[in-house]
2 protein chains.
Amino acid sequence: MQDPLVSLPGYALRRAANATAAELASRLVALALRQSDVSLLMLVEANPGATSSALGRQLDIQRANMVPILKRLEDAGLIARAPIDGKSQGLALTDAGRAKLAEGRTVIEHFERELIERVPQEHRAHLLPALNALWR
Amino acid sequence: MQDPLVSLPGYALRRAANATAAELASRLVALALRQSDVSLLMLVEANPGATSSALGRQLDIQRANMVPILKRLEDAGLIARAPIDGKSQGLALTDAGRAKLAEGRTVIEHFERELIERVPQEHRAHLLPALNALWR
DNA sequence: AAGCGAAAGCTATGGGCAATAGCAATACCG
DNA sequence: CGGTATTGCTATTGCCCATAGCTTTCGCTT
């Protein structure tokens, strides 16, 4: 079948992202984590006390969409909220959160390594900078 | 804010795909087309008479999910179905479909060109092969 | 020729993720 | 002090994809 799409970087980007996201999701399901969960846990670990709004800005997740994510993580006992003032609350990992993140990070690291290894060596070093140029 | 995610190719892939998809979608809305619509129209044009199943296999869209897409395109008068035998039907562009695709292709070409131009020159040639290695 | 497995097209449903609109409470700043 | 911005939230919607299951038809094998 003739496929005029395969030569389009934008289409390849879409397909690659979909394929890899599905793969990662299937590995994270064993930990009862989603991709957004892990990225949030990693970001909270690196920035303890940050607010939901600030984290959302960093991840480009809107405030409204942070709510269910944080609720899920809090219900799972992975993060805790501490009031900063009357309207803001700082987030931090609980002990369980740190433990869960350790597991998640292992999965992520394996995943990222396999991703890179899939790319022919002569292109490897270019992938990250090229991708970053597309959105940063 | 400390961000441990930006050095992960998988995360960059996700962000880049999201950002570019949103951008393309916003340009296509003026044509009342979605990204899946345009890819389907392009594929049908290149393979007139192909069946829904075959197109779906090429695009990695399951049969069940092809239904609403094709229905939308047919309702818009962009594609037509012709029975091949009792259980299969060949798809082809209508005249309106060809006209709409011409508009869509213009948008896509602008989009793809801008995408590539966003990437520093020394990385450009590597983007497509690196992405293709991730899913093909 | 008959029968059976595979394929085609479809319905129905749900999950994940993101966008929008709007709201109440609070903080900040001139 | 008063207006404005910010925070966290509810509610809703849309897009995309996945699964399960159904009916009809095709095509191969016996």
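Letters A, B, ... mirror the listed sequences (proteins, then strands); counts begin at 1.
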For B:R105 and B:E112, what are the C-alpha separation, side-chain angles and deciding distance, and is it a salt bridge (Lys or Arg N to Asp or Glu O under 4.0 Å)?
-> CA-CA 10 Å; B:R105 198 193 306 280; B:E112 294 281 350; over 6 Å; no
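Between the CE atom of A:M66 and the P atom of D:dT10 there is a distance of 14 Å, rounded to whole Å. What separates CD of B:Q89 from P of C:dA8 is a distance of 12 Å, to the nearest Å. Rounded to whole angstrom, the span from the CD atom of B:E23 across to the C1' atom of C:dA18 amounts to 16 Å. If you take CD of A:E74 and C1' of D:dG8, they are 13 Å apart, rounded to a whole angstrom. Summarising the geometry, the separation between CG on B:L91 and C1' on C:dA8 is reported as 12 Å, rounded to the nearest angstrom. The CZ-C1' distance, from A:R63 to C:dA18, rounds to 15 Å in whole Å. Rounded to an integer number of Å, the gap from B:Q58 CD to C:dA8 P is 14 Å.
Contacts of residues 43-54 of chain A with DNA chain D (heavy atom under 4.0 Å): A:T51, A:S52, A:S53.
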Is there any protein nitrogen or oxygen under 3.5 Å from a nitrogen or oxygen in nucleotides 27-30 of chain C, and what are the pairs?
{"residue": "C:dA27", "atom": "OP1", "partner": "A:G86", "partner atom": "N", "Å": "2.6"}

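Judged as a ring pair (Phe, Tyr, Trp, His ring centres under 6.0 Å), and not counting sequence neighbours, the contacts of A:H123 are B:H126. With sequence neighbours excluded, no residue forms a side-chain hydrogen bond (donor to acceptor under 3.5 Å, both in side chains) with A:R34.
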Would you list the atom pairs, donor with acceptor, under 3.5 Å between side chains in residues 128-136 of chain B and any protein atom, with sequence neighbours excluded?
none

Would you give a per-nucleotide map of nucleotides 12-19 of chain D, 5' to 3', where B means the base has a protein non-hydrogen atom under 4.0 Å away, S means only the sugar-phosphate does, and - means neither?
-> ---SSBBB
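Between the A:S88 side chain and the A:I84 main chain, no donor and acceptor come within less than 3.5 Å of each other.
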